[in-house]
Visitor: 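Pasting a structure here, questions to come.
As a basis for the values below, the full set of heavy atoms in this structure was taken, side chains included, without hydrogen atoms, waters or symmetry mates.
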Amino acid sequence: MVTAHQLLQQPIARLNLVTPVFILDRAKLIQAIPPNATQDQMAKIVEDWQSQARKLSDAGYLVIDSTAVVAAPSDLYIQSQGR
């Protein structure tokens with residue numbers, strides 16, 4: 001008799017080979033910058049997103065720019081913090 005554990009072994013093994021992916025939408029980031037933002041404010045916004053991407057990368061995630069994406073579920077996109 002086949003157990004649930006035996007049935008799930010192969011799918012679980014495949015998941016361990018998949019690198020988790022997040023998508024960074026830089027165009028959306030740029031559009032969200034207020035028109036009256038100072039250079040320092042703009043630099044801070046970009047720095048925050050780069051920091052988010054680095055943290056995800058350090059945790060083992062692949063972070064790609066949205067221009068390389070043809071289709072993806074919305075939950076893969078990095079959401080800006082505090083918005």
Visitor: Drop me the distance from Ile45's CD1 to Asp40's CG, to the nearest 0.5 angstrom.
Guide: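 Spacing of CD1 (Ile45) from CG (Asp40) equals 11.0 Å.
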
Visitor: So which heavy atom on Glu47 is nearest to which on Arg54, and how close?
Guide: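 For Glu47 versus Arg54, the nearest heavy atoms are O-NH2, 4.5 Å.
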
Visitor: Give, for atom NZ of Lys44 and atom CD1 of Ile33, the distance between the pair rounded to the nearest 0.5 Å.
Guide: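 Nearest 0.5 Å value for the NZ-CD1 distance: 13.0 Å.
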
Visitor: Table please: side-chain donor-acceptor pairs of residues 58-72 below 3.5 Å, with sequence neighbours left out.
Guide:
from: Asp65; atom 1: OD1; to: Arg26; atom 2: NE; distance (Å): 2.7
from: Asp65; atom 1: OD2; to: Thr67; atom 2: N; distance (Å): 3.0
from: Asp65; atom 1: OD2; to: Thr67; atom 2: OG1; distance (Å): 2.5
from: Ser66; atom 1: OG; to: Asp25; atom 2: OD1; distance (Å): 3.2

Visitor: Do Val21 and Tyr77 share a hydrophobic cluster (ILVMFWY, side-chain heavy atoms under 4.5 Å, transitive)?
Guide: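 Linked, Val21 and Tyr77 end up in one cluster.
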
Visitor: Where is the tightest heavy-atom contact between Trp49 and Leu24, given as atom of each residue plus distance?
Guide: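 Result for this residue pair: CE3-CD1, 2.6 Å.
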
Visitor: Once rounded to the nearest 0.5 Å, what's the spacing between atom CD1 of Ile23 and atom NZ of Lys28?
Guide: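 Interatomic distance, Ile23 CD1 to Lys28 NZ, rounded to 0.5 Å: 11.5 Å.
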
Visitor: If a pair satisfies salt bridge (Lys or Arg N to Asp or Glu O under 4.0 Å) and one of its residues is in residues 66-76, list it, with sequence neighbours excluded.
Guide: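 Qualifying pairs, neighbours excluded: none.
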
Visitor: If every non-hydrogen atom of Asn36 is compared with every non-hydrogen atom of Gln41, which pair is closest and at what distance?
Guide: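 Nearest heavy atoms, Asn36 then Gln41: O-OE1, 4.2 Å.
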
